[in-house]
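In what follows, a single structure is set out as structure tokens and then discussed.
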Amino acid sequence: MRCMITFEQLNIESGLYQEIVNADTKKLSESLSVGLVNYDMYSDMLGFIPHRRLFDLAMVPLWRGSDGFRNELVILSDSILAEWEISSEDELLDMACGFAPDSSGVVFMELKQFCEMMMPDNPCEGDGITYMLTNRYLDYGASALCYDGIMKYISKSLGYGFYVIPANVHHMFIIPDYVSRIDVELHSRCVNDVNSLTLSSGEYLSNKIYYYDKDTEELVMA
């Protein structure tokens, strides 16, 4: 996983700081993205960071440093608005959402396929109903849920509305709504039990379940 820091922590003489401040449109399309964090856990920091609240979560703008900067991941703060001559936080977040599909990509597939891709030498049975949503870097990929049109695309691909279970900041589990609510809640409890034993505090996202309604095209708290 990439090392996550804030824009304020960068040395203004560093190459990474200069890369961000002097970014042109091409560089923005390669590096500007978004991340999802737990709102309460980041509440103090969010006072100076552009963000957009999504229930108990917050979407923040991220900069993915190039290989020359150890692949660091930078949370952009309000101070970048003046550097880029951007008028508002909303404008920055809209830019970040717009560039994120190109800079970070999307991975959406059955959990079984995902496991086989990650561990080709280990058999994975899978349940045939659980899907993985993340990005191509597999870090802070839960934010792929925020990409324009992605929820509608997932619903169309599945042919159903779906439940969203945040596994951690890196990925989401997607379960079609033909699965019973009881089974979804059981699946969620299992995920949360495992995460409570394995996740660092910075990787925790939420214990909530969300639901995307195929007909209204809205995400709600389940």
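One distance of note links CE of M132 with SG of C115; it measures 6.5 Å at 0.5 Å rounding. Taken to the nearest 0.5 Å, the CD atom of E72 stands 9.5 Å off from the CD atom of Q9. From C97, atom SG reaches atom CG of L32 across 9.0 Å, with rounding to the nearest 0.5 Å. One finds the CG atom of N168 at 11.5 Å from the CG atom of L36 (value rounded to the nearest 0.5 Å). Here the straight-line distance linking atom CD1 of I175 with atom OG1 of T130 works out to 4.5 Å at 0.5 Å rounding. Note that the CG atom of L16 and the CG atom of L10 stand 5.0 Å from one another [nearest 0.5 Å].
A donor-acceptor pair is defined here as one N or O able to donate and one able to accept, closer than 3.5 Å; such a pair exists between the side chain of S43 and the backbone of D40. When atom types are taken as modelled, the side chain of H51 and the backbone of M59 share no donor-acceptor pair closer than 3.5 angstrom. Counting only distance, with no hydrogens or angles, the side chain of S104 and the backbone of P101 share no donor-acceptor pair below 3.5 Å. No donor-acceptor pair under 3.5 Å is formed between the side chain of S31 and the backbone N or O of L28. Side-chain atoms of E19 never come within 3.5 Å of backbone atoms of G15 as a donor-acceptor pair (strictly under, hydrogens ignored). For the pair D183 (side chain) and H187 (backbone), a donor-acceptor distance under 3.5 Å is absent. With hydrogens and angles disregarded, no donor-acceptor distance shorter than 3.5 Å links the side chain of E217 to the backbone of K214. No donor-acceptor distance shorter than 3.5 angstrom exists from the side chain of W84 to the backbone of L92, with no hydrogens or angles considered. In this structure, D78 contributes its side chain and L81 its backbone to no donor-acceptor pair below 3.5 Å. Checking side-chain atoms of Q18 against main-chain N and O of I12 turns up a donor-acceptor pair under 3.5 Å.
Checking S88 against E91 by side-chain atom types alone, no donor-acceptor pair falls below 3.5 Å. Side-chain contact of D56 with S206: a donor-acceptor pair under 3.5 Å is present, judged by distance alone. Under the 3.5 Å distance criterion, with hydrogens and angles disregarded, a donor-acceptor pair is assigned to the side chains of D177 and Y211. No hydrogens or angles considered: nothing links the side chains of R64 and S103 as a donor-acceptor pair under 3.5 Å.
Two residues are said to be in side-chain contact when any heavy atoms from C-beta on lie closer than 4.5 Å; V74 and T6 fail this criterion. When side chains are defined from C-beta on, I75 counts as touching I49, because their heavy atoms get closer than 4.5 Å. No side-chain heavy atom of M172 sits less than 4.5 Å from a side-chain heavy atom of T134. Looking only at side-chain heavy atoms (C-beta outward), L133 and V106 come within less than 4.5 Å of each other. Residues I20 and L76 have side chains in contact (heavy-atom distance under 4.5 Å, counting atoms from C-beta outward). In this structure, the side chains of H170 and N135 stay at 4.5 Å or more apart for every pair of heavy atoms. Side-chain contact between Y39 and L57 is absent, with no heavy-atom pair separated by less than 4.5 Å.
Every residue two or more places apart in sequence or in another chain was checked for a salt bridge (Lys or Arg N to Asp or Glu O under 4.0 Å) with E8, and none qualifies. A search for salt bridge (Lys or Arg N to Asp or Glu O under 4.0 Å) contacts involving D94 returns R52, not counting sequence neighbours.
The shortest heavy-atom contact between A96 and V34 is CB-CG1, 3.4 Å. Of all heavy-atom pairs spanning A58 and L46, the tightest one is CB-CD1, 3.8 Å. Contact record, S77 with P50: C-CD, 3.6 Å, taken as the closest heavy-atom pair. The minimum heavy-atom distance linking F173 with A167 is given by the pair CE1-CB, 3.6 Å. Considering every non-hydrogen atom in both E83 and S79, the closest pair reads CG-O, 3.6 Å.
Grouping the Ile, Leu, Val, Met, Phe, Trp and Tyr side chains by contacts below 4.5 angstrom, directly or via other members, places Y131 apart from L186.
Aromatic ring orientation, Y17 versus F7: parallel (interplanar angle below 30°, classes split at 30° and 60°).
Ring centroid separation for the pair F55 and Y210 comes in under the 6.0 Å cut-off.
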Taking distance alone, no hydrogens or angles, what donor-acceptor pairs closer than 3.5 Å link side-chain atoms of residues 149-166 to residues at least two apart or in another chain?
from, atom 1, to, atom 2, distance (Å)
S155, OG, Y160, O, 2.9
S157, OG, Y153, O, 2.9

